[in-house]
Protein chains: 2
Amino acid sequence: IDHFGFNSVKTFNQRYLIANEYWKKDGGSILFYTGNEGDIVWFCNNTGFMWDVAQELKAMLVFAEHRYYGESLPFGKNSFKDSRHLNYLTSEQALADFAELIRHLQETIPGVKNQPVIAIGGSYGGMLAAWFRMKYPHMVVGALAASAPIWQFEDLVPCGVFMKIVTSDFKRSGPYCSETIRKSWNVINQLSTTSRGLQYLTEVLHLCTPLTPRDVQHLKDWIAETWVNLAMVDYPYPSSFLQPLPAWPIKVVCQYLKNPNVSDSLMIQNIFQALNIYYNYSGEAQCLNVSTTTTSNLGSLGWSYQACTEIVMPFCTNGIDDMFEPHAWNLKEFSDECFKQWGVRPSPSWITTMYGGKNINSHTNIVFSNGELDPWSGGGVTEDLTDTLVAFTISEGAHHLDLRASNALDPISVQLARTLETKHVKNWIRDFYRSGLQH
Amino acid sequence: IDHFGFNSVKTFNQRYLIANEYWKKDGGSILFYTGNEGDIVWFCNNTGFMWDVAQELKAMLVFAEHRYYGESLPFGKNSFKDSRHLNYLTSEQALADFAELIRHLQETIPGVKNQPVIAIGGSYGGMLAAWFRMKYPHMVVGALAASAPIWQFEDLVPCGVFMKIVTSDFKRSGPYCSETIRKSWNVINQLSTTSRGLQYLTEVLHLCTPLTPRDVQHLKDWIAETWVNLAMVDYPYPSSFLQPLPAWPIKVVCQYLKNPNVSDSLMIQNIFQALNIYYNYSGEAQCLNVSTTTTSNLGSLGWSYQACTEIVMPFCTNGIDDMFEPHAWNLKEFSDECFKQWGVRPSPSWITTMYGGKNINSHTNIVFSNGELDPWSGGGVTEDLTDTLVAFTISEGAHHLDLRASNALDPISVQLARTLETKHVKNWIRDFYRSGLQH
């Protein structure tokens with residue numbers, strides 16, 4: 001459980017999945033998915049890219065679950081009990097888990113020892129893939145870090161860039177779409193001042209529980225997060241990542257958000273139609289539940305703790321460059337909330353101290369990919385840093401579209417990115433075998 | 001105190017020394033000594049190389065004390081109380097301390113932020129310097145790792161190489177010197193079988209406390225460690241590192257160890273004369289104390305714990321390639337002793353998992369220096385690995401002689417090494433300023 005101390009010898013069961021259908025002991029490779037904040041089976045099923053290239057790379061696929069997520073709970077049901085039990089939920093421990101797992105595979109599966117390992121991950125898992133190559137380059141010959149916002153820390157990028165990209169997605173997906181959303185907040189605020197208004201909101205938005213004055217901020221946060229999630233999964237074909245959705249879901253949503261100048265009541269009816277696309281595309285929901293915005297495959301508890309400790313990402317809005325209500329980044333406020341919830345306070349500069357911030361050019365063999373539609377691209381590496389730290393931008397891509405299985409409706413930009421990514425991976429494999437670095 | 005967990009917010013005072021006499025804000029540099037297992041003032045006074053090059057490099061000198069040594073005790077007097085208090089004594093925590101300290105200096109001393117930092121260390125501190133460059137290349141542009149046995153782990157080098165080099169030092173320092181020592185163990189064993197013999201050993205060796213049968217193994221270990229220490233500090237001029245000693249102390253010692261075929265009683269008298277050089281060169285000791293072999297500036301408690309956890313170095317002897325009694329490396333036995341003393345068990349493969357073992361070629365800008373007389377060179381990097389991972393061997397050098405102040409009696413080999421080391425450091429500094437990587 002603790003790689004960095006020797007007082008406790010406790011261990012835990014880490015889940016990992018292996019697919020060796022296409023693996024060849026002769027000249028093969030190991031594609032190692034550095035699991036992120038969720039159930040590894042779900043990530044496995046949403047990372048078709050690895051399955052698509054397995055045969056060409058004669059690759060064994062390994063999907064390693066991140067501690068404190070899915071079934072890899074260090075203290076079982078007590079894992080999230082308090083800050084003492086959560087103490088071992090850090091990126092450093094997770095990377096060490098991956099290192100120990102690779103070593104275990106090398107020592108227990110004949111043939112693995114003499115093969116190159118490539119780290120692959122998306123989002124936080126992409127950050128882990130990049131960091132793993134940086135910190136354990138003896139373990140992996142290279143890393144594919146898809147949609148990995150490794151610079152969404154401290155003041156490395158402007159705190160407003162994330163919401164600006166969300167807004168731009170809505171702006172380009174339908175006339176007056178972002179303007180309509182920008183106007184909607186005040187309509188909600190106005191309606192919230194009377195009990196009749198609150199009742200109207202409850203009814204028209206089909207909320208599962210009646211809205212009270214103290215829930216209004218939460219309702220707006222929930223709606224804003226819905227727009228954010230739509231920006232992340234604005235994929236070109238019907239998909240079911242965070243929720244089941246149609247192709248280009250923002251375009252569908254924006255069909256209901258064409259007119260910022262309608263009456264307050266009509267505005268709310270339109271907002272509901274838009275939300276209903278995201279939360280009820282299957283048509284099965286009886287009401288909308290404001291307590292969650294996403295699949296339960298993501299570990300929201302663990303992630304909330306991580307955001308309150310290491311993974312401190314400053315976000316802000318100003319209502320001008322974006323379609324949200326203005327909100328400055330307030331570390332003090334954030335820290336107090338963290339302390340209330342978890343009994344810990346964030347260390348906002350630690351990740352930069354640990355992983356180098358923008359000063360990472362001495363590393364090698366990392367491909368950073370980003371979708372231009374993806375709000376996380378704002379904190380990502382979108383330009384080549386060196387010959388071997390390269391960046392691919394997918395103009396029509398949302399959040400790690402490139403890691404998804406190939407699809408007939410894939411835009412050219414993601415097809416090209418996947419081809420180039422595969423080329424780099426093949427070069428790393430080739431260099432490994434040429435160098436004679438096998439054990 | 002804990003960089004890798006957020007449950008405890010406890011801090012401690014880390015000691016560091018700064019010399020800025022020659023520092024220039026314009027075009028200068030920071031030489032950062034990565035402190036090892038002892039009092040930082042003592043290391044500072046024994047690392048004259050940094051002082052000698054300060055002016056040429058316009059350098060600020062920083063000497064950072066390693067946690068749990070000197071005055072940098074996380075829990076004061078309780079620091080070594082039990083494995084709970086010792087839990088934060090690891091190389092990873094120490095490296096993170098260095099990273100935080102550099103960041104602190106960058107943020108509090110105007111001018112530091114825009115200057116290149118170079119890590120310098122010797123022995124375990126040399127390992128830390130190399131590992132620091134490997135793990136935090138964004139913090140230091142390069143590292144000088146003097147006499148750093150980063151490969152004295154697992155089976156990366158033969159476990160007998162260390163004692164073989166000790167033996168070879170004695171062999172070349174006087175006729176029949178190593179043969180005499182090889183023969184001495186049996187003489188001690190023989191004498192130890194009778195109480196008269198034990199008394200003779202006590203008297204002739206001037207032991208402070210009478211020898212009992214159960215102390216005999218400890219006595220032999222203590223004598224063996226004395227020969228080891230002499231090999232480490234076999235410097236070409238009078239020095240006072242582990243003990244005050246004459247120039248080329250092994251030569252002096254070997255003058256008493258010329259004849260392996262003397263009587264048992266004369267053998268012991270000769271051994272005493274030899275030991276007396278090491279323990280009583282000043283002539284002030286009333287008796288020889290077998291409870292210690294070295295200066296109290298080294299933190300033997302902390303080091304014993306580190307050796308029992310992470311820094312697990314396999315040593316062995318066979319009495320043929322070396323002059324010691326045969327002793328195989330026995331991890332089980334070692335582990336049991338560790339558990340008895342500290343309540344912890346060693347993780348012998350962890351350092352290799354963490355720092356890469358021999359597979360470190362993707363790193364850059366590390367100079368490894370080793371003295372051929374130094375037993376630690378057996379576990380060191382003694383050949384160039386790449387263009388930027390280079391090795392210098394100092395044919396007449398003992399343990400990190402190159403880090404000591406320049407001396408009129410320095411052999412050419414160490415002068416040359418220092419010149420080349422300085423050249424590399426200057427190139428790193430030049431590259432830093434050329435790259436425009438200043439913040």
Side-chain angles (χ1 to χ4, degrees), chain A residues 2-9 82-93 95-96 99-100 102-104 107 133-142 305-306 308-310 338 342-347 349-350 352-365 388 435 437 439, chain B residues 2-9 82-93 95-96 99-100 102-104 107 133-142 305-306 308-310 338 342-347 349-350 352-365 388 435 437 439:
Chain A
D2 186 6
H3 292 289
F4 301 101
F6 291 81
N7 186 39
S8 159
V9 293
D82 52 35
S83 65
R84 199 166 57 81
H85 289 84
L86 280 158
N87 195 44
Y88 311 98
L89 172 50
T90 66
S91 62
E92 292 85 351
Q93 299 278 9
L95 295 181
E100 291 284 18
I102 289 175
R103 195 158 169 157
H104 172 72
E107 283 164 8
R133 170 65 188 169
M134 294 180 193
K135 295 291 186 183
Y136 297 83
H138 51 288
M139 287 282 175
V140 287
V141 295
Y305 173 85
Q306 287 194 265
C308 274
T309 48
E310 282 189 317
C338 287
W342 296 111
V344 296
R345 291 191 180 276
S347 295
S349 64
W350 170 244
T352 313
T353 302
M354 187 67 189
Y355 299 113
K358 294 214 164 179
N359 187 3
I360 55 174
N361 286 16
S362 72
H363 301 289
T364 56
N365 293 5
T388 67
S435 72
L437 269 185
H439 299 267
Chain B
D2 186 5
H3 292 288
F4 301 102
F6 291 82
N7 187 38
S8 158
V9 293
D82 51 38
S83 64
R84 200 165 59 81
H85 289 84
L86 279 159
N87 194 44
Y88 311 97
L89 172 50
T90 67
S91 62
E92 292 86 351
Q93 299 276 9
L95 296 182
E100 290 284 19
I102 289 174
R103 195 158 169 159
H104 172 73
E107 282 163 8
R133 170 64 188 169
M134 294 180 196
K135 295 289 186 185
Y136 297 82
H138 51 289
M139 286 282 175
V140 287
V141 296
Y305 173 84
Q306 287 193 266
C308 273
T309 48
E310 281 189 318
C338 287
W342 297 111
V344 295
R345 292 194 180 274
S347 294
S349 64
W350 170 244
T352 313
T353 301
M354 186 68 190
Y355 299 113
K358 293 213 164 177
N359 187 3
I360 55 174
N361 286 16
S362 72
H363 301 288
T364 56
N365 292 4
T388 66
S435 72
L437 269 186
H439 299 266

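Every heavy atom of this structure was used, including side-chain atoms; hydrogens, water molecules and symmetry mates were not.
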Taking [Y]'s backbone N and O only, do any of them form a donor-acceptor pair with [X]'s side chain (distance below 3.5 Å, no angle check)?
| X | Y | answer |
| --- | --- | --- |
| B:N87 | A:N7 | yes |
| B:R103 | A:T352 | no |
| A:R345 | B:V9 | no |
| A:H138 | B:T353 | yes |

So which part of [X] gets closer than 4.5 Å to some heavy atom of chain B, the side chain, the backbone, both or neither?
| X | answer |
| --- | --- |
| A:F4 | both |
| A:H3 | both |
| A:W342 | neither |

Top residue by heavy-atom pair count (under 4.5 Å) with chain B, among [options]?
| options | result |
| --- | --- |
| A:I102, A:N365, A:T309 | A:T309 |
| A:C308, A:A99, A:S349 | A:S349 |
| A:A96, A:G343, A:S347 | A:S347 |
| A:E100, A:M134, A:Q93 | A:E100 |

Can you tell which of B:H85, B:M139, B:R84 has the highest number of heavy-atom pairs within less than 4.5 Å of chain A? B:R84
Please state whether the side chain, the backbone, both or neither of B:D2 comes within less than 4.5 Å of a heavy atom of chain A. side chain
Contact part of B:M354 toward chain A, heavy-atom cut-off under 4.5 Å: side chain, backbone, both or neither? both
Partners meeting side-chain contact (heavy atoms from CB on, under 4.5 Å) with B:S91 (sequence neighbours left out): B:Y124, B:L128, B:W131, B:E310, B:I351, B:Y355
